[in-house]
Amino acid sequence: MDLSGKMVKQVEILSDGIVFYEIFRYRLYLISEMSPVNIQGVDLLEGNWGTVGSVIFFKYTIDGKEKTAKDIVEAIDEETKSVTFKIVEGDLMELYKTFIIIVQVDTKGEHNSVTWTFHYEKLKEDVEEPNALMNFCIEITKDIETYHLK
């Protein structure tokens with residue numbers, strides 16, 4: 001059985017899409033201020049904010065459980081306004097062999113949106129789909145939007 005998967009979810013946002021992109025590219029450290037219930041810390045371990053190859057450590061809470069993730073910024077695409085993160089350490093690596101998160105901001109016309117895409121490979125067949133993580137990402141998106149609409 002194939003253990004690899006893909007999950008995609010798009011959320012329309014009312015606030016400026018460029019602001020979202022800049023947060024995910026250059027200012028990830030601000031997310032803990034905008035979504036403190038979900039993200040307790042974002043630390044740069046190697047490299048510089050907004051550059052490919054940077055290593056970032058996240059402390060977060062999903063379903064009341066504290067978790068961590070060490071990510072490498074794998075790709076940044078200015079044209080599509082997307083940032084790709086590869087998880088290399090942390091709680092997700094107990095369930096998945098590989099886990100990549102792509103966040104893309106669409107700023108075309110009056111309607112802006114944020115699309116979250118997961119590419120992953122489970123370690124075992126009985127590992128659940130990452131629905132809780134996707135819901136978490138959608139919640140963060142809504143928290144960032146609420147913060148900017150104040």
> Would one find more than 12 heavy atoms of other residues, nucleotides or ligands at under 6.0 Å from atom NZ of Lys67?
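Above 12, so yes.
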> Looking only at heavy atoms, what is the nearest atom pair of Val105 and Gly17, with distance?
CG1-O, 3.1 Å
> Do Lys97 and Lys122 come within less than 4.5 Å of each other through their side chains, counting heavy atoms only?
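Contact flag for Lys97/Lys122 side chains = no.
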> Is there a side-chain contact between Tyr21 and Val19, using heavy atoms and a 4.5 Å cut-off?
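No - every pair of side-chain heavy atoms lies 4.5 Å or more apart.
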> For residues Val88 and Ile101: do they belong to one hydrophobic cluster (side chain heavy atoms under 4.5 Å, members Ile, Leu, Val, Met, Phe, Trp, Tyr)?
no
> Could you check Trp49 against Val42 for side-chain contact (heavy atoms from CB on, under 4.5 Å), going step by step and ending with a plain yes or no?
CA-CA 11 Å; Trp49 294 110; Val42 181; 3.9 Å; yes
> Are Ile31 and Ile23 close enough, and set up right, to give a side-chain contact (heavy atoms from CB on, under 4.5 Å), and what steps lead you there?
CA-CA 8 Å; Ile31 293 178; Ile23 289 166; 3.8 Å; yes
> Taking atom OG1 of Thr107 and atom CD1 of Ile18, what is their separation to the nearest 0.5 Å?
4.5 Å
> Tell me, please, which residues at least two apart from Asn135 pass side-chain contact (heavy atoms from CB on, under 4.5 Å).
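In terms of side-chain contact (heavy atoms from CB on, under 4.5 Å), with neighbours along the sequence ignored, Asn135 is linked to no residue.
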> Got a second to check how far Ile72's CD1 is from Lys70's NZ, nearest 0.5 Å?
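Rounded to the nearest 0.5 Å, the CD1-NZ separation comes to 7.5 Å.
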> Closest approach of Ile102 and Ser82, non-hydrogen atoms and distance?
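That closest heavy-atom pairing would be CG2-CB, 4.2 Å.
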> Run the side-chain contact (heavy atoms from CB on, under 4.5 Å) check on Asp143 and Asn38 step by step: do they pass?
CA-CA 9 Å; Asp143 287 347; Asn38 295 305; 3.0 Å; yes
> Looking just at side-chain N and O atoms, do Asn112 and Asp106 make a donor-acceptor pair shorter than 3.5 Å?
no
> Please determine whether salt bridge (charged side-chain N to carboxylate O under 4.0 Å, His left out) holds for the pair Glu66 and Lys59, giving the CA-CA distance in whole Å, both sets of side-chain angles, and the decisive distance to 0.1 Å.
CA-CA 7 Å; Glu66 293 182 8; Lys59 292 179 194 169; over 6 Å; no
> Rounded to the nearest 0.5 Å, how far apart are OG of Ser35 and CD of Gln40?
8.5 Å
> To the nearest 0.5 Å, what is the distance between OG1 (Thr68) and CG (Asp43)?
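One finds 11.5 Å between OG1 of Thr68 and CG of Asp43.
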> According to the interplanar angle, ranging from 0 to 90°, do the rings of His148 and Phe20 count as parallel (below 30°), tilted (30 to 60°) or perpendicular (above 60°)?
tilted
> Applying side-chain contact (heavy atoms from CB on, under 4.5 Å), run through Phe118 and Cys137 and close with a yes or a no.
CA-CA 11 Å; Phe118 298 165; Cys137 291; 3.9 Å; yes
> Is Ile62 reachable from Phe85 through a run of hydrophobic residues whose side-chain heavy atoms are each under 4.5 Å from the next?
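Result: yes, single cluster for both.
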> Considering residues at least two apart in sequence or located in another chain, which fulfil the side-chain hydrogen bond (donor to acceptor under 3.5 Å, both in side chains) criterion with Thr84?
none
> Calculate, to the nearest 0.5 Å, the distance between atoms CG and CZ belonging to Leu28 and Phe57 respectively.
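Taking CG in Leu28 and CZ in Phe57, the distance rounds to 14.5 Å.
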> Does any donor atom in the side chain of Gln10 or Thr115 lie under 3.5 Å from an acceptor atom in the other side chain?
yes
> Is there a ring pair (Phe, Tyr, Trp, His ring centres under 6.0 Å) between Phe24 and Trp116 once you walk through the steps?
CA-CA 12 Å; Phe24 287 109; Trp116 292 90; 5.4 Å; yes
> Do Ile100 and Tyr120 come close enough that some side-chain heavy atom pair is under 4.5 Å?
no
> Do the non-hydrogen side-chain atoms of Pro130 and Phe99 ever get within less than 4.5 Å of each other?
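Yes, their side chains come closer than 4.5 Å.
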> Please check if the number of heavy atoms outside Asp126 that lie under 6.0 Å from its CG is greater than 12.
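Yes, the 6.0 Å shell around CG holds more than 12 heavy atoms from other groups.
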> Out of curiosity, Met134 CE to Glu139 CD, how far, rounded to the nearest 0.5 Å?
13.5 Å
> Which atom names give the shortest non-hydrogen contact between Lys6 and Thr117, and what distance separates them?
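Looking at all heavy atoms of both residues, the closest pair is CE-CG2, 3.9 Å.
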